[in-house]
Asker: 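If you scroll down you'll find the structure; I have some questions about it.
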Amino acid sequence: MIHIKSPEEGAALFKALGSDIRIAIIRTLLEEPDMSMNELAARLEITAGALTGHVKKLEECGILKVSAEGSGHGNVKRCSVLPDRVLIDLRPRSARKNAYQVSLKVGQFSECEVWPTCGMASKDGLIGEIDDVRYFSHPARFSADILWFGRGYVEYTVPCFIPAGSRIESLTISAELSSEAPGVNEVWPSDISFYVNGVPLGKWTSPGDFGNQRGLLNPDWWHDRLNQYGLLKMLTVSHEGTFIDGRRLSDVRVEDLCLDEKKGLRLRFAVEGDSDHVGGMTLFGRAFGNYERDIEVRMDYQGPAQSAAEKREPTE
C-alpha cells in the first residue's frame, strides 16, 4: 500500500495517473501480472519506446516494478504492479504551537474489565485465545494493534508533559472505533461511552461491526469474518462543551475534568451493560482498519507567561 500523507506529497503519483495510457498499463498488468515489456507494448498497440517512458513514470512513483530476466537472447524486462491500494490523507495532521500530542497503542491500557466476545491481536498474530478474558492481563497485550469486547471497558493513563503552570484550553481524542458483533454485522448498534478522569463525556452510537470489505491496513493473515474497519471519531472538550466530529455531545467543559499537568489524565472507552444498545466495541490501532494511527490525544494549552498575563488587572 502507498500512504500519501498530504496532497503535495502525492503530486508525482497524481501526475503519473493522469494519463489514459498509463491507466491502461496498470489495468492490463492487474489482469495479467508479470508481462514483459514487449508483450505489454503489443497488447496496448504502442511502440516499445513510447511504453518505456510511461513505465518509467509509474516506476518512479512506486506503482510499477521492472525486473530483468536473463535469457539466451539477452535480458527480458518484466513489469508488475507493486501496491494494491493507495491511501490519501487530504487533511494532514500538523503540529501546533502550544500543543502536546501523544499516541497510545490500543494494548497500552492500564485497567480493564471486559466480557466476551473479546480478543486482541498484533500485526503478527492473535494474542492468546479469542474469548479468553485472561489474556487482557497478559504482558503481550502491549503489542496489540486491535482489541474488541462485547461489554466492559478499557482505561488508559495518558501522560502530560506540558510546561508547569500552563493551563489546558482544550482536549482532543481521536480513535478508529466500531461495534463488536459475533462475526461481523453491518447493522449492529452499540453505545460507546467516553470518560476522562472519571467524568462521563457522553455516548456515541456506533452503527455496526463493519465487514463488507477488508480494512485497508489489515495484515494478510487476518480472517475476513473478523472485524475489518471502524469509523474515525474525534472527540473535543473545550470551554464551550464536548463535541464529537464537531457536533455537541454534552455540556461537559474542559474545566470540569480537573486536568493537572503533573498527573496526566485517565481516558476510558466503555460499553455499559445498562445502555440501550449493548453491541460491544472494537478499537483499531495503526496496523488494522482504514486509518494508520493509534489512539491520539492532544492538549492545547496556554503557557505560564500567557496564563499569568491574563490574571493581571488591566491598567489605564
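Residue numbers run from 1 in the order of the sequence given.
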Asker: Do L201 and V196 have side chains that approach each other closer than 4.5 Å (heavy atoms only, starting at C-beta)?
Answerer: yes
Asker: Group every Ile, Leu, Val, Met, Phe, Trp and Tyr by side-chain heavy-atom contacts under 4.5 Å, then state whether L17 and V66 land in the same group.
Answerer: yes
Asker: How close do C160 and Y100 get, counting heavy atoms only, and between which atoms?
Answerer: CA-CE2, 3.8 Å
Asker: Have R298 and Q101 got a donor and an acceptor in their side chains that come within less than 3.5 Å?
Answerer: no
Asker: Are D224 and R214 side-chain neighbours, meaning at least one heavy-atom pair lies under 4.5 Å?
Answerer: yes
Asker: Hey, does L235 have a side-chain heavy atom less than 4.5 Å from the side chain of D245?
Answerer: no
Asker: Within a reach of under 6.0 Å around NZ of K77, are more than 12 heavy atoms found that belong to other residues, nucleotides or ligands?
Answerer: no
Asker: Quick check: do K203 and E272 have side-chain heavy atoms less than 4.5 Å from each other?
Answerer: yes
Asker: Can we say E45 and R43 salt-bridge, meaning some charged N sits less than 4.0 Å from an Asp/Glu carboxylate O?
Answerer: no
Asker: Rounded to the nearest 0.5 Å, what separation is found between the CZ atom of F149 and the CH2 atom of W115?
Answerer: 10.0 Å
Asker: Which pairs would a plain distance check flag for residues 21-31, meaning a side-chain donor or acceptor within less than 3.5 Å of a matching protein atom at least two apart in sequence or in another chain?
Answerer:
residue	atom	partner	partner atom	Å
R22	NE	A16	O	2.6
R22	NH1	H54	ND1	2.9
T28	OG1	A24	O	2.7

Asker: Rounded to the nearest 0.5 Å, how far apart are CZ of F136 and CG of L147?
Answerer: 5.5 Å
Asker: Side chains of P182 and W188: does their closest heavy-atom pair fall under 4.5 Å?
Answerer: yes
Asker: Taking side chain to side chain donor-acceptor pair (under 3.5 Å) as the cut-off, I'd like each qualifying pair that reaches into residues 139-153, sequence neighbours left out, listed once.
Answerer: K105-D145, E111-Y153
Asker: Does one side chain, of S179 or D209, offer a donor that lies under 3.5 Å from an acceptor on the other?
Answerer: no
Asker: Within the side chain of E255, is there an N or O that forms a donor-acceptor pair under 3.5 Å with the backbone of H239?
Answerer: no
Asker: Report yes if the distance between the aromatic ring centroids of W222 and F288 is under 6.0 Å, otherwise no.
Answerer: yes
Asker: Is a donor on one side and an acceptor on the other found under 3.5 Å between the side chain of D191 and the backbone of D276?
Answerer: yes
Asker: Between the main-chain N or O of T242 and the side-chain N or O of S250, is there a donor-acceptor pair closer than 3.5 Å?
Answerer: no
Asker: With rounding to the nearest 0.5 Å, note down the distance linking CD1 in I192 to CG in L177.
Answerer: 5.0 Å
Asker: Using modelled atom types and a 3.5 Å cut-off, is there a donor and acceptor pairing between side-chain atoms of S275 and backbone atoms of H277?
Answerer: no
Asker: Treat each ILVMFWY residue as a node, draw an edge where side-chain heavy atoms are under 4.5 Å apart, and state whether V114 and I130 are in one component.
Answerer: no
Asker: Closest approach of V278 and G150, non-hydrogen atoms and distance?
Answerer: CG1-O, 4.0 Å
Asker: Is it true that the side chains of N227 and E180 contain a donor and an acceptor less than 3.5 Å apart?
Answerer: yes
Asker: Measuring from atom CE of M299 to atom CD1 of I162, what distance do you get when rounded to the nearest 0.5 angstrom?
Answerer: 7.0 Å
Asker: Using the rule that Ile, Leu, Val, Met, Phe, Trp and Tyr join whenever any side-chain heavy atoms are under 4.5 Å apart, tell me whether L126 and V106 fall into a single cluster.
Answerer: no
Asker: Is the closest side-chain heavy-atom distance between V158 and V102 below 4.5 Å?
Answerer: yes
Asker: So, taking the atom named OG in S170 and the one named CZ in F243, what distance separates them when rounded to the nearest 0.5 Å?
Answerer: 11.0 Å
Asker: When clusters are formed by joining ILVMFWY residues with side-chain heavy atoms under 4.5 Å apart, either directly or through shared neighbours, do I146 and Y135 land in the same one?
Answerer: no
Asker: So does R78 get a backbone contact from the side chain of S36, meaning a donor-acceptor N/O pair under 3.5 Å?
Answerer: no
Asker: Does CG belonging to D220 count more than 12 external heavy atoms closer than 6.0 Å?
Answerer: no
Asker: Check whether any side-chain heavy atom of K233 lies under 4.5 Å from a side-chain heavy atom of I244, and answer yes or no.
Answerer: yes
Asker: Can you see whether Y229 engages N212 through a side-chain donor-acceptor pair at a distance of less than 3.5 angstrom?
Answerer: yes
Asker: Between R253 and D251, does any side-chain N to carboxylate O distance fall below 4.0 Å?
Answerer: no
Asker: Between N290 and L216, is there a donor-acceptor pair closer than 3.5 Å when you use the side chain of the first and the backbone of the second?
Answerer: yes
Asker: Spell out, yes or no, whether L231 and F284 are grouped together once hydrophobic residues are joined by side-chain heavy atoms under 4.5 Å, including indirect joins.
Answerer: no
Asker: Measuring from atom CZ of R268 to atom OG of S193, what distance do you get when rounded to the nearest 0.5 angstrom?
Answerer: 10.5 Å
Asker: Looking at H223, is its backbone amide N or carbonyl O close enough to the side chain of Q228 to form a donor-acceptor pair, meaning the two atoms are under 3.5 Å apart?
Answerer: yes
Asker: Measure from the side-chain N and O atoms of N197 to the backbone N and O of L265, and report whether any donor-acceptor pair falls under 3.5 Å.
Answerer: no
Asker: Give me the atom names and distance for the closest heavy-atom approach of F109 to C112.
Answerer: CE1-SG, 3.7 Å
Asker: Are any side-chain N or O atoms of E176 and backbone N or O atoms of Y291, one a donor and one an acceptor, separated by less than 3.5 Å?
Answerer: yes
Asker: Find out whether L64 and V81 are in side-chain contact, i.e. whether some heavy atom of one side chain is under 4.5 Å from a heavy atom of the other.
Answerer: yes
